[in-house]
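Everything quoted here is computed from the prediction, not taken from an experiment.
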Amino acid sequence: MALFKHGKKQQPQDQNQQPNNQQQPNNQPPVNQPQPGNAANMQQPNNFQPNSQPEPNQYFQDVPEYPVNNHQDDTAPVEQVPADTQQNQFVQQPQQPPMQPQPQSPAGSATGPMPVPPMSQQPPLSTQAPDSVEHPYGSLENWEYTENQLKDLESQQKELKSQLKVQLLSSRTFYSHLIQSKQSVHLDHSAIDLEVQKIQRINESLRHWFGTDMISGDVFFNHDRNYFILQESLIDSQDEKRNQIADLAYYLDDHNVLPSIVTLNYDENLDGLWQSYLDDGIINPESNLLNIYTYFQTEGVQSAQPIQGPNTGIEISPQAHIESDNEHNIDRVYVGNTLVMKIVKDIDGRPANINHYHDGEIISTDYLDEQGINRLTQVFNPKDPNKVMDEFFYRLDNSLAIVKSHVGGEPYIQVMNRSNILVKSFDTEQEFIAWWLAEKVLDNNSTIIVPLSSPVYQVLLEQVNAQFKVLPYVDDYNAESQQLAQILENPAQLTEGILVNSETAQQDISQTTQGKVNVSIIPVPDKSEDEVPNNNNY
């Protein structure tokens, strides 16, 4: 699968990534570590052992606060305190105060060990304010260190529970997918006993750690299936909604899914817009584009040869004359003083649109491709030139492919074969689209992602006998909340789950369906990452 990029992409965290849960607390005091001092004191003796106790006065010669006789004989024996008197060391006054290791400060820096004075030398209880009292055992209370350790444990527990939740839900979704796959081939119930038991065990863990097992998991993507993204049309680069397609494409790419884009509107500039999608990194360059009208216009037909000359194929009356407007790339054809035709050319001088006139009113328009082939003719109402009566879509071999009528009482859409014989007729465009998808594009190994803003999402969801599966996409929760509430009334239609782009929508779906419908959030890149850093400060 090719890599593609749109600005700075925010990669969602892999759900299967295992975080390091064995981190030690940042304020864990070091064991047997030398304190900062001069170079001589930082050197370890040859017989240094990691777990051995340092010789007295070995590491503290440079600490001015430490009461050490720097001139004492290093060979003199060190007075040992008997074990039975160690408990009374705060009552008696030994010649040399014992050294107590000092815990680290909250910032993680060691303050160095401080001597513990005898009880008779300890300062009397002060009557000053508590914040001005100096603790006799150092600047950091023992309870503060313990509390920091407890906070670290709480943080680790929170991270582990979050990780456990993702793992449990992902596993449950996977085993549910296995059950559906086995049931689809009518295997015996005993074949799914293992998966059922595992799901029961997962639900027990969910109830134990989170109080309920009615939690929605993520949408499961099967790499063996073909995925399609349904769009009304390709979006111009100036439209902000274009980024939503990129976000969805990135999300699928992170799950190793290569989608195809399906568009439903006729567009003269379809090829140019698709190329801009590829150039701007909106979609993976290995993705395919399918358009319903282009499909029928190119079905079973080889590409035609380019027509030579800008006006080849356009018949003009011998009595007609042409007036050219080179500034606007327009040729006007007159018979006498009457305008009968206006030819709009592209920047290369090839005819693009041809308007036909009768009695000074436009009656039809032909739309030609770069090959000079008429792909569409629109016939206008003679009483109202702004209203289209009929549309005729042609194949590359000039045969009639689709007839669309806007006249009441006539079939709305008629599909013709290459011999101009009627194949099927439809009263609505939604029926036409659903038939094309079910019969020509999708199969039992296909999943189509349909935005709720699409006028055909309900028709596709209601295709009970359809072999393909539908995955709704809530791309605007505030505007589509009513449609979402309607489809949630029948969770059986949502076997593939739902995609959303807001956390609020995810929570509402999980609560409404009591975890019976999987739902995943399409992450939105952080725009702050796309900002150019200020490199003026060095």
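- Considering all non-hydrogen atoms of both residues, V470 and E496 come closest at O-CB, 3.7 Å.
- A donor and an acceptor atom, one from each side chain of Y477 and D508, are located under 3.5 Å apart.
- With hydrogens and angles ignored, the 3.5 Å screen pairs no side-chain donor or acceptor of N243 with any backbone N or O of A246.
- For the pair H177 (side chain) and N222 (backbone), a donor-acceptor distance under 3.5 Å is absent.
- A donor and an acceptor atom, one from each side chain of S171 and R201, are nowhere located under 3.5 Å apart.
- Counting only residues at least two apart or on different chains, no side chain to side chain donor-acceptor pair (under 3.5 Å) pair has a member in residues 479-491.
- Of the candidates I202, I215, D213, L169 forms a side-chain contact (heavy atoms from CB on, under 4.5 Å) with just one, namely I215.
- With 3.5 Å as the limit, one finds a donor-acceptor pair spanning the side chains of Q458 and E462.
- The nearest pair of heavy atoms linking I292 to L264 is CG2-O, 3.5 Å.
- With contacts defined as side-chain heavy-atom distances shorter than 4.5 Å, the pair V196/I179 qualifies.
- Applying the side-chain contact (heavy atoms from CB on, under 4.5 Å) test between Q493 and each of L488, V517, L461 identifies L461 as the sole match.
- For the 3.5 Å distance criterion, the side chains of R172 and S176 fail to qualify, holding no donor opposite an acceptor.
- Side-chain atoms of N148 and E144 form no donor-acceptor pair, as typed in the model, at a separation below 3.5 Å.
- Checked options F296, Y266, Y295; the residue passing with F393 is Y266 (criterion: ring pair (Phe, Tyr, Trp, His ring centres under 6.0 Å)).
- For K182, the salt bridge (charged side-chain N to carboxylate O under 4.0 Å, His left out) partners are E195, not counting sequence neighbours.
- Closest non-hydrogen pair, I413 versus I402, comes out as CG2-CG2, 4.0 Å.
- In summary, the aromatic rings of Y412 and F432 are positioned with their centroids too far apart to meet the 6.0 Å limit.
- Between the side chains of Q149 and Y145, a donor-acceptor pair is found at a separation under 3.5 Å.
- Here the side chain of S155 pairs no donor or acceptor atom with the backbone of D152 at under 3.5 angstrom.
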Item to complete: May I have the step-by-step check of side-chain hydrogen bond (donor to acceptor under 3.5 Å, both in side chains) for Q197 and D193, ending in yes or no?
Response: CA-CA 6 Å; Q197 293 175 7; D193 286 344; 5.8 Å; no
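- Of all non-hydrogen atoms in H223 and H255, the two that sit nearest each other are NE2-O, 2.8 Å.
- A donor-acceptor contact closer than 3.5 angstrom links the side chains of T263 and N291.
- Checked by atom type, the side-chain pair D443/S446 shows a donor-acceptor distance below 3.5 Å.
- Scanning all heavy atoms of the two residues, the minimum distance from I522 to Y251 falls at CD1-CD2, 3.4 Å.
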